[in-house]
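Just so we're clear, the structure is a prediction, and the values are computed from it rather than from any experiment. Lettering of chains follows the sequences in order, A, B, ..., and the numbering in each one begins at 1.
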Number of protein chains: 2
Amino acid sequence: MKVTSKQIAELCGVTRGTVDRALNNRPGINEATREKIMKVAGELGYRPHFLAQSLVKGQTKTLGIVLFDMYNRIFSQLFHAFEAEARRHGYFVYLVLTNKDKALEIEYLNNLLDRKVDGIAMSPVNMGPTLDSFLKESGVPVVTFTNRVSAKVPFVWIDDKQAMKTAVHHIASKGYQRILYVSPPLRYKGKSNIYVPEQRYKGFIEACTELPDISYTVITDYDYLESLLRLIAESDEKPAILCSSDIYALDVMRFLKVNDIRIPEQAGVMGFDNIDILHYVDPALTTIDFHVDEIGRRAAEQLIASIQGRDIPRRTHVGYAIIERDSL
Amino acid sequence: MKVTSKQIAELCGVTRGTVDRALNNRPGINEATREKIMKVAGELGYRPHFLAQSLVKGQTKTLGIVLFDMYNRIFSQLFHAFEAEARRHGYFVYLVLTNKDKALEIEYLNNLLDRKVDGIAMSPVNMGPTLDSFLKESGVPVVTFTNRVSAKVPFVWIDDKQAMKTAVHHIASKGYQRILYVSPPLRYKGKSNIYVPEQRYKGFIEACTELPDISYTVITDYDYLESLLRLIAESDEKPAILCSSDIYALDVMRFLKVNDIRIPEQAGVMGFDNIDILHYVDPALTTIDFHVDEIGRRAAEQLIASIQGRDIPRRTHVGYAIIERDSL
DNA sequence: CTGTTAGCGCATTCAG
DNA sequence: CTGAATGCGCTAACAG
């Protein structure tokens, strides 16, 4: 079980220095003694003590990834790709979940630093100023996704603003002249890091100003479904309901169904994210797809590059595309 | 940043032994010197070096959890609860994904052992004999879920067999006399650890023999949807389609819809697992719910108890319940 | 009460 | 080519 390099040294009648040279095939050792040592080590099932190695080398081959939760499919997929890439490079990963608790996030980051992770990937819930200095002082490479922290810390995601603009133009091209924009997270402005919904919102507004024929209303209520119903009834114009995330679109569809409003005959619905469960809903939801796997993979890739001292881009955008289905 | 106990010792004019006594509030130290040391440590932002600590204490306060993937919602939920409980006890967790690759599973287990995790929780893909001796030799506490390994390694899950029996009786009580049982994983018998589908299958068969009026067919084909269609057409008797997991039930519902077979008018459908996305499908799927959070929590709880040298049960079953909805 | 010493298991000098 | 010595940062047992 727990055989050490010292024991191997004794068994082979050499010192630990020599054993080390053999094991890590370093130069300066007789081929015969190397083979003997390797043989003994193999027979004894020697495995280097990772902690001791880490302690002396100053690197743990471990990454930390900090996510909100695992309920959102986006994170499951992202983690999957991240972990695969990390493992490909010999890194293990600590996964910690903040549940969007700002104090917990800081605490967990500290714990990860204590454990001397070589790098951290995170979806931040704290806001720029708080995290910025913290991360800089830590001295550990970091990459972020979902919410951005600041210009200083690398960010891998999509161009939410541009993507949402594309969505609005798509809706307009289908003949809609009235859009109800649903984005409950906007309510947390100033209280939490809501970079993503804000970017999407900006894109929405920009597009609408470019399209003078479009009338629109923004819904950020907690009870957005009720508000929606009221708004739909207010006008005879058939609305397109554009949601900042699929999860809201899904709830909207359910709700409209219950209220006997047919999709897309009486109202169009469009989401954003293309989460995998859309596969099972009816009518099929039109949405925006982006390669979350690629985000996970590249976040890991860049983080590791950064650990190795290479320069990495401050911002990386992966592609997106409108997936036209039956709801709009 | 990187202040060590040695530096604090020098600054306070004492030795590291004394500093250690203060920091870990061990007895045998003057209250005045303790306070001084604590003060200096606080000002310098001293944080113990976790690796060094682990090395000397022989424990890492780290758990490993080995899962198939993150695509199945069950695992996301289970992990969520597991991580929360682990953190509550000061443990961090390495999450590794096997993608049901048997060789990878063994490799990852070895890596986790190298990293001296204090315990391992896993959803095994290898089969009993292979894992049993491996895990015993490792000397590390282990708990399993999903698939069982053997009588020797603790297992936290539900009583799949009994639950499936309940499902069949429920179907019978609704007046169905014909059941089509869908369970593609059964095809991997002997090639992979399919404890769960096997248990459910046993429960199904047992219940059917108890209910002589029921006729049934078991479908394990890769193209189970096509087979299903053929079987439905073979008889005028309205069938109940019982699936060993919700994911198959979801595909079945989609497929029946495409083929204009109305649920539940022309065929009943029932699933198993009550995964959260059922919330969004129509008609609402009747299924069996079990508390996967509780499984995650108790797995962590028991694993930690086992690490602390306490005895833990060889088998723990959490509850389940039929969720009656509109598909049957 | 405090200082000294000896590891934990390995990597990396520097001599020989 | 190999041995001996030193250190990573911390804990623990033994003196004083």
Side-chain angles (χ1 to χ4, degrees), chain A residues 1-38 40-41 44-62 90 110-111 113-118 139-140, chain B residues 1-38 40-41 44-62 90 110-111 113-118 139-140:
Chain A
M1 262 303 299
K2 27 164 65 176
V3 37
T4 73
S5 68
K6 191 171 159 192
Q7 294 173 29
I8 298 185
E10 281 169 12
L11 250 65
C12 294
V14 295
T15 64
R16 289 147 74 234
T18 309
V19 172
D20 185 62
R21 275 180 275 258
L23 260 27
N24 302 314
N25 44 267
R26 241 193 294 276
I29 182 172
N30 186 323
E31 200 44 48
T33 57
R34 149 167 297 151
E35 274 171 20
K36 181 178 177 191
I37 291 170
M38 292 307 272
V40 174
L44 265 54
Y46 171 77
R47 296 215 137 221
H49 193 300
F50 207 86
L51 293 180
Q53 246 175 198
S54 299
L55 180 61
V56 67
K57 291 214 236 184
Q59 56 152 14
T60 54
K61 281 284 187 178
T62 303
N110 273 316
N111 292 150
L113 295 176
D114 287 347
R115 284 165 181 259
K116 305 293 184 236
V117 293
D118 295 338
V140 161
Chain B
M1 260 309 298
K2 28 162 67 178
V3 37
T4 73
S5 69
K6 191 171 158 191
Q7 296 174 27
I8 298 186
E10 280 169 12
L11 252 66
C12 294
V14 294
T15 63
R16 288 145 76 234
T18 309
V19 172
D20 185 62
R21 275 180 276 256
L23 260 27
N24 302 313
N25 42 268
R26 242 193 293 276
I29 180 173
N30 186 322
E31 199 44 49
T33 57
R34 148 167 297 150
E35 274 171 20
K36 180 178 176 191
I37 291 171
M38 293 305 273
V40 174
L44 265 54
Y46 170 78
R47 295 218 138 218
H49 194 300
F50 207 86
L51 293 179
Q53 241 172 202
S54 299
L55 181 61
V56 67
K57 291 215 235 184
Q59 56 151 13
T60 55
K61 281 284 186 179
T62 303
N110 272 317
N111 292 150
L113 294 177
D114 287 347
R115 284 165 180 260
K116 306 291 184 238
V117 293
D118 294 338
V140 162

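- Here A:Thr33 reaches the OP1 or OP2 of D:dT2: one of its side-chain N or O atoms lies under 4.0 Å away.
- Note: NE2 (B:His49) to P (D:dT11) measures 12 Å, nearest angstrom.
- Remark: the backbone N or O of A:Arg34 is not paired with any side-chain donor or acceptor of A:Arg21 at under 3.5 angstrom.
- Heavy-atom nearest nucleotides on DNA chain C were determined for B:Ala52 and for B:Ile29, and the one closer to the 5' end corresponds to B:Ile29.
- An OP1 or OP2 oxygen of C:dC10 is reached within less than 4.0 angstrom by a side-chain nitrogen or oxygen of A:Ser5.
- OP1 and OP2 of D:dG9 both lie 4.0 Å or more from every side-chain N or O belonging to B:Tyr46.
- Here B:Thr4 lies in heavy-atom contact (under 4.0 Å) with sugar-phosphate atoms only.
- Atoms CG (B:Leu113) and P (C:dG9) sit 16 Å apart, rounded to a whole Å.
- What separates CG of B:Leu55 from C1' of D:dA12 is a distance of 14 Å, to the nearest Å.
- Regarding A:Asp20, its CG atom lies at a distance of 17 Å from the P atom of D:dA5, rounded to whole Å.
- Atom CD of B:Glu35 is separated from atom P of C:dC1 by 13 Å (rounded to the nearest Å).
- Of the candidates C:dC10, D:dC10, C:dA11, the closest approach to any side-chain atom of B:Pro48 belongs to D:dC10.
- For the pair A:Arg16 and B:Arg21, both in contact range of DNA chain D, the more 5′-proximal nearest nucleotide belongs to A:Arg16.
- No donor-acceptor pair closer than 3.5 Å links the side chain of B:Asn24 to the backbone N or O of B:Arg26.
- Applying the 4.0 Å criterion to OP1 and OP2 of D:dT2, one finds that A:Thr18 has every side-chain N and O outside that range.
- Atom CD1 of A:Ile8 sits about 12.5 Å away from atom OG1 of A:Thr18, to the nearest 0.5 Å.
- No donor-acceptor distance shorter than 3.5 angstrom exists from the side chain of A:Ser5 to the backbone of A:Arg16, with no hydrogens or angles considered.
- Side-chain nitrogen and oxygen atoms of B:Gln53 include none within less than 4.0 Å of the OP1 or OP2 phosphate oxygen of D:dG9.
- Both B:Glu31 and A:Val56 lie near DNA chain C, and the one whose nearest nucleotide falls closer to the 5' end is B:Glu31.
- If you measure from atom CZ of B:Arg34 to atom C1' of C:dT2, you get 13 Å, rounded to the nearest angstrom.
- Residue A:Thr60 holds its OG1 atom at 11.5 Å from CG of A:Leu55, rounded to the nearest 0.5 Å.
- Rounded to whole Å, atom P of D:dC10 lies 11 Å from atom CG of B:Leu51.
- Taking atom CG of A:Asp114 as the reference point, atom P of D:dG9 lies 14 Å away to the nearest angstrom.
- For A:Lys6, the listed nucleotide lying nearest its side chain is C:dC8; candidates were C:dC1, C:dG3, C:dC8.
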